[in-house]
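On a predicted model such as this, the values are computed, not experimentally measured, just so you know. When a ligand or atom number is given, it counts from 1 through the structure's own listing order.
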Amino acid sequence: MAEADPSSRVAPGGAARAAGRAVDRITVALAGNPNSGKTTIFNHLTGSHQHVGNYPGVTVEKKTGVCHHRGVRLDVVDLPGTYSLTAYSTDELVAREFVIDEHPDVVVDILDASNLERHLYLAVQFMELGLPLVLVLNMSDVAAAQGYVVDLDRLSGLLGGVPLVPAVGNRGQGIDAIRDAILAVATGERALRPVPITYGRELDREIEALTAALEPEASRLAPRRPRWVALKLLENDARIRERVERVCASAAEVLAATDAAVGRLRTILGDAPEIVIADRRYGFISGACQETVRSTVELRHTRSDQIDAIVTHPLLGLPLFLGLMYLVFWATFSLGEYPMQGIDRLFQWLGEGVSGLWPQGSPSALRSLLVDGVIRGVGGVIVFVPSIGILFLAIALLEDSGYMARAAFIVDRWMHKIGLHGKSFIPMVIGFGCTVPAILATRVLENRRDRLTTMLVLPLMSCGARLPIYVLLTGAFFAERWRAPVMWILYLVGMAAAVLLAKLLRATLLRGETEPFVMELPPYRAPTLQGTLLHMWQRVWMYVRKAGTIILGVSVVLWALSSYPKPPAEVAAGLAPPARRAAALEYSVAGRIGQAMEPVTRPLGFDWRVNTALVGAFAAKEVFVVQMGIVHSLGDGRTDEPDLLHQTLRDEYSPLQAVAIMVFCLLGFPCMATVAVMRSESGSWKWALLQWAGLTVLAYGVTLIVYQVGTALGIGAG
Ligand code: GDP
Ligand code: MG
């Protein structure tokens with residue numbers, strides 16, 4: 001009761017003061033699902049001052065009551081009980097329009113703590129509206145009797161710092177704590193962080209686009225939250241559509257854009273956006289509860305829960321994840337082989353065709369440019385499209401089914417230990433495709449330290465462009481059954497290095513607290529054909545486009561560097577063609593650069609030819625395989641069969657050298673595009689250069705150890 005609290009007998013006019021904001025009157029809206037104990041709490045809160053009556057202007061009855069707490073007057077409005085804030089029922093609309101139009105200072109949401117996940121659904125919607133919120137975990141007695149234990153601090157942290165007040169309404173327990181929490185939120189003493197729920201790549205992109213379109217109208221919108229309005233439009237909310245139509249100057253365009261977006265989403269997601277949005281909200285809640293609510297009694301219901309019991313199991317989860325990853329690499333190899341041979345033959349045929357336009361043995365520079373520079377350069381990269389396609393198809397399937405969220409959840413536990421959280425895992429998975437979009441994806445991390453740490457270690461996630469290097473070298477040096485394991489280990493080494501480096505960074509340069517985040521666990525859904533193919537295609541297309549642009553350009557430049565200057569005639573005289581070729585290459589600019597680097601790279605087992613290929617790989621990692629082809633065959637005017645290149649590599653290098661090269665490419669020298677995007681996303685050259693130099697030094701050190709120890713032990717000496 002208000003009277004029972006001595007502090008509420010402060011002289012009238014006394015005001016709560018905190019965070020520089022003085023308040024003497026607060027409007028409180030009381031919300032909650034039906035039967036959560038709202039009326040009970042309302043009666044306790046307002047006590048004998050209760051004034052019951054029809055709230056003016058709406059048809060549904062709303063009670064209002066008044067009480068005083070620490071000298072502040074609280075006007076409490078009891079909203080109708082609702083499950084959600086959609087426009088499906090009158091009760092929900094009344095509740096929503098009250099909070100949107102009447103601007104209560106604080107919303108108090110009463111939750112049934114024994115049924116927390118379901119009741120949080122409404123709370124999350126209030127959070128999305130950006131309202132000052134207090135959550136009351138009512139029925140705490142029931143929850144405790146059923147064996148639930150909630151980590152309140154942790155849950156509050158995950159929900160943006162919202163106050164969580166346990167209460168037992170029918171016994172009047174927790175009522176003063178609720179009043180205190182209301183004051184703390186209203187005065188700003190307790191600041192709430194926004195908690196953006198991620199709705200998945202497609203939805204987030206459409207939400208962002210619509211938000212941008214609504215931004216100029218923000219002052220006319222109620223509430224003034226373009227993002228919320230955008231979300232509601234995508235949820236096909238008739239009321240919000242009407243509002244937009246009424247107040248927005250650009251309503252016609254916005255609504256047309258909405259309809260187009262909804263159409264696209266339906267195709268890709270295979271469901272109406274509002275269903276997927278609801279799923280993702282539940283996923284957010286389910287993730288938050290998995291981390292913070294312990295049940296001493298086993299209570300698992302839905303199929304998603306049953307699958308999760310295995311997939312996110314503390315012991316089984318990780319081996320399962322590693323096993324799936326292994327399967328993916330196995331598929332990349334075994335299924336990719338045949339189409340690769342086909343594409344290879346196609347480019348070979350093209351090369352021979354173009355070559356045949358000149359007489360046999362002609363020293364034409366143009367012929368060499370077309371055949372060795374252009375066709376070999378582009379072909380050498382396009383050949384890996386099937387491998388890349390299979391890898392990306394697998395990633396798309398895992399992402400779209402909801403498994404990737406579980407993988408993030410599993411690693412979250414480990415990530416916390418190294419000072420990152422599972423949210424960093426999403427950019428890392430994207431990093432398996434390409435580091436550039438992965439760095440852009442770190443924007444989901446709000447804390448700059450978290451973001452920088454993640455960005456800095458991202459190049460260690462082995463990107464698609466490095467796959468050709470592994471495929472070429474493991475293909476040449478390892479028996480078929482060892483190829484997938486070797487790749488798998490390489491990827492794991494990269495991930496382990498990322499983890500260790502992140503830990504090091506968090507302990508030194510980027511020390512600080514990690515912000516709590518919810519790992520969303522959306523329910524599993526069958527991926528749609530369109531969605532999966534689209535996601536795969538977007539990434540494959542990026543790779544193909546790169547082959548036609550950057551790689552084409554780099555190949556031509558490298559061809560020129562490897563061809564000029566030509567050695568004087570007396571050098572070549574008397575040499576057999578292969579030796580003449582080697583002499584010409586040694587004489588060229590690329591050859592000289594490679595030789596100049598030899599003293600540095602010799603301890604790693606690299607000769608000058610590998611060095612020239614590494615210089616090319618800085619432009620784009622795929623170029624390594626192209627340049628290895630060029631340095632081992634340039635000048636004879638015909639493209640080599642891959643088997644021949646394999647044979648040449650086997651003749652000239654040992655398996656240990658191949659491993660050293662792969663390790664160096666895995667860990668070291670992020671490509672040009674990565675350096676550029678690091679600069680723009682981190683805002684300075686400092687981080688971009690630090691990353692490049694740091695990773696290259698790391699790669700050098702690790703490769704040195706691998707090669708020297710391997711040599712000393714006589715492993716893989718060929
Ligand atoms: P409303 O529909 O949200 O207004 O819920 P009511 O206030 O009418 O409460 C529904 C029922 O739950 C009533 O019988 C209350 O006595 C009971 N109740 C309310 N709070 C608690 C609580 O904390 N613990 C228990 N065990 N029962 C409660
Ligand atoms: Mg009631």
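Using a non-hydrogen distance threshold of 4.0 Å, Gly32 does not register as a contact of ligand 1.
Residue Gly37 has at least one N or O atom closer than 3.5 Å to an N or O atom of ligand 1. Every N/O-N/O distance between Pro34 and ligand 1 stays at or above 3.5 Å.
Applying the 4.0 Å criterion to heavy atoms of Asp141 picks out, from ligand 1, the atoms 22 (C), 23 (O), 24 (N), 25 (C), 26 (N). Short contacts between ligand 1 and Lys38, defined as distances under 4.0 Å to a heavy atom of the residue, involve ligand atoms 1 (P), 3 (O), 4 (O), 5 (O), 7 (O). Atoms of ligand 1 found under 4.0 Å from any heavy atom of Val142 (numbered from 1 in listed order, with element): 26 (N). Close approach of ligand 1 to Asn35 is summarised as follows: ligand atoms under 4.0 Å from at least one heavy atom of the residue are 1 (P), 2 (O), 3 (O), 5 (O), 10 (C).
Both the backbone and the side chain of Val168 come within contact range of ligand 1, each with a heavy atom under 4.0 Å. Residue contacts with ligand 1, taken as heavy atom pairs separated by less than 4.0 Å, involve Thr39 via backbone and side-chain atoms alike.
Heavy-atom neighbours of Asp271 CG from other residues, nucleotides or ligands within 6.0 Å: above the threshold of 12. For CZ of Arg205, the number of neighbouring non-hydrogen atoms (other residues, nucleotides, ligands) closer than 6.0 Å is greater than 12. The environment of CD in Glu208 is sparse: at most 12 heavy-atom neighbours from other residues, nucleotides or ligands sit within 6.0 Å.
For the side-chain hydrogen bond (donor to acceptor under 3.5 Å, both in side chains) with Ser424, the lone residue among Thr453, Thr454, Asp450 that qualifies is Thr454.
Every pair tested for side chain to side chain donor-acceptor pair (under 3.5 Å) that includes a residue from residues 158-167 fails, sequence neighbours excluded, so the list is empty.
Checked against side chain to side chain donor-acceptor pair (under 3.5 Å), Arg118 has no partners two or more places apart in sequence or in another chain.
Looking only at distances, no side-chain donor or acceptor of Arg281 sits under 3.5 Å from a matching main-chain atom of Tyr121.
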